[in-house]
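Here's the structure we're looking at; comments come further down.
By convention here, the first residue in the shown sequence is residue 1.
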Amino acid sequence: MEVFSLKQFSFCLTQIDELPVCIAEFKTLCPASRSCIFVSIFTAWSDPVLIQRMLKQFAHDLPEAQILGCTSAGEIHDGSLKLYKTSLS
């Protein structure tokens with residue numbers, strides 16, 4: 001029987017320009033033998049241009065990832081409420 005393990009890596013962004021660094025760090029932490037990547041995004045950014053930019057960055061750097069996200073008034077990151085940020089995991 002094949003056994004799967006789930007690993008979670010969390011990042012908190014204050015601006016969109018931090019996204020490439022987060023993705024690069026994720027790639028160094030994530031096992032090379034990964035079989036599936038799921039990205040959850042909770043963001044205070046409601047600007048459609050920023051959201052599209054974020055999605056394009058993920059599509060370019062992690063084309064195999066499944067992405068789920070929503071806008072929010074507050075994001076929970078490492079057990080703390082963050083305002084006006086983007087939480088990725």
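Residue pairs meeting the side-chain hydrogen bond (donor to acceptor under 3.5 Å, both in side chains) criterion with at least one member in residues 14-25, sequence neighbours excluded, are Thr14-Glu18, Asp17-Arg53.
Here the side chains of Trp45 and Asp47 are not in contact, with every heavy-atom distance at 4.5 Å or above.
Cluster annotation: Leu55 is not connected to Phe42 through the hydrophobic network of ILVMFWY side chains, with a link wherever side-chain heavy atoms come within less than 4.5 Å. With hydrophobic clusters built from ILVMFWY side chains whose heavy atoms lie under 4.5 angstrom apart, Phe58 does not share a cluster with Val21.
Through direct or indirect side-chain contacts shorter than 4.5 Å among Ile, Leu, Val, Met, Phe, Trp and Tyr, Val49 is connected to no other residue.
Here Gln52 contributes atom CD and Met54 contributes atom CE; the two are 9.5 Å apart, rounded to the nearest 0.5 Å. Atom CD1 of Ile51 and atom OG of Ser46 lie 6.5 Å apart (nearest 0.5 Å). Rounded to the nearest 0.5 angstrom, Ser87 OG and Ile41 CD1 are separated by 10.0 Å. Summarising the geometry, atom OG1 belonging to Thr86 is positioned 8.5 Å from atom CG belonging to Leu50; distances are rounded to the nearest 0.5 Å. Separation of atoms CD (Gln8) and CG (Leu29) is listed at 12.5 Å; rounding is to 0.5 Å.
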Review item, side-chain donor-acceptor pairs of residues 60-72, under 3.5 Å, at least two apart:
unit_1 : atom_1 : unit_2 : atom_2 : d
Asp61  : OD2    : Gln57  : NE2    : 2.7
Glu64  : OE2    : Arg34  : NE     : 3.3
Glu64  : OE2    : Arg34  : NH2    : 3.1
Ser72  : OG     : Gly74  : O      : 3.3
Ser72  : OG     : Glu75  : OE2    : 2.6

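Paired with Phe26 under the rule ring-ring contact (aromatic ring centres under 6.0 Å, His included), one option of Phe9, Phe11, Phe38 passes, and it is Phe9.
For the residue pair Ser10 / Ser89, no side-chain donor-acceptor distance below 3.5 Å is found, with atom types taken as modelled.
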